[in-house]
K.L.:
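This is the structure I have questions about; it appears just below.
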Amino acid sequence: MIAMVDCNSFYASCEQVFRPDLWGKPVVVLSNNDGCIIAANKEAKQLAHIPMFEAVYKIKHILIENKVTFFSSNYTLYGEMSQRVMNILETFSPSVEVYSIDEAFLDVKGLSYIDMRMYGFEIKERIYRYTGLPVGVGIAPTKVLAKLANRMAKKIPKHEHVYVMDTDAKRIAALEWADIGDIWGIGRKHVKRLQAIGVFKAIDFVKLPLAWVRKEMTVVGERLWKELRGESCLEFMAVPNPKKAIGTAKSFGQKLPDLGRIEEACAYYITEVAEVLRAQKSCATYIHVAVYTNYHSTIDKQYSNRITVTMPIPTNDTFALIAQARKALHHIYKPGFRYKKVAVNLTGLIPEHYVQGNLFEKRSKISDSNLMHTLDVLNRKFGKTTVSSAMIGTRVEEWELIKKERSPRYTTQWRELMKIGV
DNA sequence: TCTGGGGTCCTAGGACCC
DNA sequence: TCTGGGGTCCTAGGACCC
């Protein structure tokens with residue numbers, strides 16, 4: 001059996017933990033740049049028609065009329081709260097797969113002597129008591145079924161956020177209950193095609209011939225089909241695989257016509273991704289750089305372009321990566337446009353001790369790992385850009401993201417601790 | 001004026017190798 | 001008349017997830 005634990009309206013719940021005055025009230029969280037809605041608690045979902053991913057400026061009046069509190073996203077806070085939840089889960093099973101910032105699978109196959117429903121409630125209650133965050137727990141024989149059990153735990157009130165699918169009769173009942181689009185891994189496109197041939201419920205899907213599923217939905221669909229029938233196909237990954245790509249692509253706070261600011265933003269993003277790269281002890285072979293104008297705009301001239309460069313020797317040296325990214329950017333930048341976004345992506349990631357040198361470059365010239373290590377230590381201790389490349393410049397506020405309504409970073413900054421009383 | 005960001009996996013087709 | 005067969009690597013595009 002596998003348990004699936006996931007936090008309810010995670011971002012909104014994190015905000016509410018530190019704001020008792022908002023308990024029971026509608027709360028939404030906005031995307032980077034305060035562009036659209038990415039999370040809403042159940043009060044906000046009930047209250048008004050608030051479509052997820054809707055542009056904020058279009059529905060701002062609805063939010064204000066309904067007294068919905070909105071926050072800019074505060075990933076520092078969410079990441080740290082997530083860590084707390086995962087730490088608690090580690091005490092429930094020796095084998096935990098952290099699937100996303102707010103979800104994890106627990107391998108519970110060795111716990112057959114325990115009452116699974118009690119176990120689920122214990123998880124739910126302990127996490128709430130220790131963190132203030134509400135969670136749902138679904139327990140079932142496969143991952144896809146555990147996801148489904150988790151959904152039932154939350155959607156069917158009598159289950160009180162804990163549901164155990166431990167018999168075949170319960171599995172069949174679940175498949176009869178679930179719409180095809182409720183199944184993890186079946187997205188919009190497939191829902192349309194399935195409905196077109198009369199498949200509306202999960203039970204209809206598992207009755208389809210496997211050959212059809214394989215042909216129309218590839219091996220991905222085949223796995224889902226088998227998992228829903230109780231045959232486990234998705235590997236349990238207690239140890240995460242190293243990332244195959246590390247990238248970032250953020251919109252600017254304002255549109256930028258000049259190469260200078262874009263170069264600075266690009267250098268900054270490279271600095272960020274290079275830190276992640278070193279944290280997983282990898283080196284990158286390729287850098288992809290792309291620029292975009294605002295494709296929503298009807299008045300701006302549109303342009304976007306991308307380029308891939310190969311590093312002479314795979315590296316995780318921030319300065320070497322910035323130098324190459326800068327050259328790449330010069331290739332694709334064209335004057336006369338108002339740019340909205342620059343994206344950088346590192347791929348061809350290999351473990352740092354497997355890096356193959358080449359005859360013509362001296363390795364020490366390409367990378368100085370002591371320097372990088374010192375940089376990481378300093379920035380971790382004293383703050384993000386305590387020591388960084390001068391390419392980043394000093395005009396960060398001219399391109400950085402807009403976050404007007406960000407809550408305090410209660411758990412990671414002394415100056416932003418929660419205050420009680422007057 | 002204002003519309004997110006970071007990922008994974010799979011397949012087909014082209015280029016190339018022996 | 002008749003022009004092989006087995007393979008790898010890479011990229012772009014599609015679909016999906018949170």
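Letters go in sequence order (proteins before strands), and every chain restarts at 1. Scope of the values below: all heavy atoms of this structure, side chains included, with no hydrogens, waters or symmetry mates.
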K.L.:
Taking any heavy-atom pair under 4.0 Å as a contact, classify A:L30: base, sugar-phosphate, or nothing.
P.N.:
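Nothing: the residue A:L30, judged by heavy atoms under 4.0 Å, touches no strand.
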K.L.:
So if I take every side-chain heavy atom of A:A249 and compare against B:dG4, B:dG6, B:dG7, which nucleotide ends up nearest?
P.N.:
B:dG6
K.L.:
What is the separation between atom OH on A:Y99 and atom P on B:dG6, rounded to the nearest whole Å?
P.N.:
17 Å
K.L.:
Checking all strands, does A:I186 fall into the base, sugar-phosphate, or nothing category for heavy-atom contacts under 4.0 angstrom?
P.N.:
sugar-phosphate
K.L.:
Can you find a side chain N or O atom of A:K341 that sits less than 4.0 Å from OP1 or OP2 on B:dG5?
P.N.:
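For B:dG5, OP1 or OP2 has a side-chain N or O of A:K341 closer than 4.0 Å.
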K.L.:
Looking at A:S73, does any N or O in its side chain come under 4.0 Å of the phosphate oxygens OP1/OP2 on B:dG4?
P.N.:
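No, no such contact exists.
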K.L.:
Between B:dC2 atom P and A:I37 atom CD1, what is the distance in whole Å?
P.N.:
18 Å
K.L.:
Please tell me if the side chains of A:L22 and A:V27 come closer than 4.5 Å, counting only heavy atoms from C-beta onward.
P.N.:
yes
K.L.:
Calculate the interatomic distance between A:L401 atom CG and B:dG5 atom P; express it in whole Å.
P.N.:
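Computing the A:L401:CG to B:dG5:P distance gives 7 Å.
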K.L.:
Could you give the CG-to-P distance, from A:N345 to B:dG6, as a whole number of Å?
P.N.:
9 Å
K.L.:
Please state whether the phosphate of B:dC2, meaning OP1 or OP2, lies under 4.0 angstrom from any side-chain nitrogen or oxygen of A:K340.
P.N.:
no
K.L.:
Just to be sure I understand the rule, does A:R214 reach a base, reach only the sugar-phosphate, or reach nothing, if contact means heavy atoms closer than 4.0 Å?
P.N.:
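Sugar-phosphate only.
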K.L.:
Report yes if at least one side-chain N or O of A:K255 is closer than 4.0 Å to OP1 or OP2 of B:dC2; otherwise report no.
P.N.:
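A:K255 to B:dC2 OP1/OP2: side-chain N or O found under 4.0 Å.
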K.L.:
Counting any heavy atom closer than 4.0 Å, what does A:E103 reach on the DNA or RNA strands: base, sugar-phosphate only, or nothing?
P.N.:
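Touches sugar-phosphate only.
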K.L.:
A:K192 has an atom NZ; how far is it from atom C1' of C:dC16, in whole Å?
P.N.:
16 Å
K.L.:
Would you say A:F205 and A:I186 make side-chain contact, with heavy atoms under 4.5 Å?
P.N.:
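Side-chain contact under 4.5 Å: yes.
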K.L.:
Applying the side-chain contact (heavy atoms from CB on, under 4.5 Å) test to A:M1, which of A:I139, A:L111, A:D107, A:L106 qualifies?
P.N.:
A:I139
K.L.:
Show every donor-acceptor pair shorter than 3.5 Å between a side-chain atom in residues 240-250 of chain A and any protein atom, with sequence neighbours excluded, or say none if there are none.
P.N.:
residue	atom	partner	partner atom	Å
A:T248	OG1	A:K250	NZ	3.2
A:K250	NZ	A:E272	OE1	3.1

K.L.:
May I ask you to say what A:R223 touches in the nucleic acid, namely base, sugar-phosphate or nothing, with a heavy-atom cut-off under 4.0 Å?
P.N.:
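The answer is sugar-phosphate, as A:R223 gets under 4.0 Å only of primed atoms, P, OP1 or OP2.
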K.L.:
Specify the separation, in whole Å, of atom CD1 of A:I180 and atom C1' of C:dC16.
P.N.:
14 Å
K.L.:
With under 30° as parallel and over 60° as perpendicular, where do the rings of A:Y286 and A:H288 fit, or are they tilted in between?
P.N.:
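Aromatic pair A:Y286/A:H288 classed tilted.
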K.L.:
Which one, B:dG5, B:dT3, C:dA15, comes nearest to the side chain of A:A55?
P.N.:
B:dT3
K.L.:
Heavy atoms under 4.0 Å, any strand shown: does A:F10 hit a base, just sugar-phosphate, or nothing?
P.N.:
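No contact at all - A:F10 keeps every heavy atom at 4.0 Å or more from the nucleic acid.
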K.L.:
Please pick, from C:dC18, B:dT8, B:dG5, the nucleotide with the shortest atom-to-atom distance to any side-chain atom of A:K243.
P.N.:
B:dT8
K.L.:
Give the nucleotide from the list B:dT8, C:dC18, B:dG5 with an atom nearest to the side chain of A:W184.
P.N.:
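Minimum distance to the A:W184 side chain belongs to C:dC18.
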K.L.:
Under a 4.5 Å cut-off applied to non-hydrogen side-chain atoms, are A:Y75 and A:R409 in contact?
P.N.:
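When only atoms from C-beta onward are counted, A:R409 and A:Y75 do not touch, as no gap falls below 4.5 Å.
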K.L.:
May I have the distance from A:R151 (atom CZ) to C:dC18 (atom C1'), rounded to whole angstrom?
P.N.:
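Answer to the nearest Å: 14 Å.
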K.L.:
For A:F71 and A:Y11, I'd like to know if the aromatic rings sit close, meaning centre-to-centre distance below 6.0 Å.
P.N.:
no
K.L.:
What nucleic acid atoms does A:N294 come within less than 4.0 Å of, heavy atoms only: base, sugar-phosphate, or nothing?
P.N.:
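Result for A:N294 = sugar-phosphate.
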K.L.:
Pick out the pairs of N or O atoms, protein on one side and nucleotides 9-14 of chain C on the other, that lie under 3.5 Å.
P.N.:
none

K.L.:
Relative to the 5' end of DNA chain B, which residue comes earlier, A:R338 or A:K250, by the nucleotide with the nearest heavy atom?
P.N.:
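Residue closer to the 5' terminus by nearest nucleotide: A:R338.
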K.L.:
Mind checking A:N33 for me? I need base, sugar-phosphate or nothing, with any heavy atom below 4.0 Å counting as a touch.
P.N.:
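If one applies the 4.0 Å heavy-atom cut-off, A:N33 turns out to touch nothing in the nucleic acid.
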K.L.:
Using a 4.5 Å cut-off on heavy atoms from C-beta on, say whether the side chain of A:K143 contacts that of A:E97.
P.N.:
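Heavy-atom side-chain distance check passes, below 4.5 Å.
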K.L.:
Do A:W184 and A:F105 make the cut of ring centroids closer than 6.0 angstrom?
P.N.:
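Yes - the distance between ring centres of A:W184 and A:F105 falls below the 6.0 Å cut-off.
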K.L.:
If you write DNA chain B from 5' to 3' in dot-bracket form, with Watson-Crick or G-U pairs under 3.5 Å, [ ] for crossing pairs and | for pairs with another strand, what do you get?
P.N.:
....||||||||||||||
K.L.:
Does the side chain of A:T248 get closer than 4.0 angstrom to OP1 or OP2 of B:dG6 through an N or O atom?
P.N.:
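So the side chain of A:T248 is within the cut-off, an N or O lying under 4.0 Å from OP1 or OP2 of B:dG6.
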K.L.:
Is the positively charged end of A:K340 above the ring of A:Y292, judged by distance under 6.0 angstrom from the centroid and angle within 45° of the axis?
P.N.:
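That pair does not qualify as a cation-pi contact.
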K.L.:
For the residue pair A:T142 and A:L234, establish whether any side-chain heavy-atom pair is separated by less than 4.5 Å.
P.N.:
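They are not in side-chain contact.
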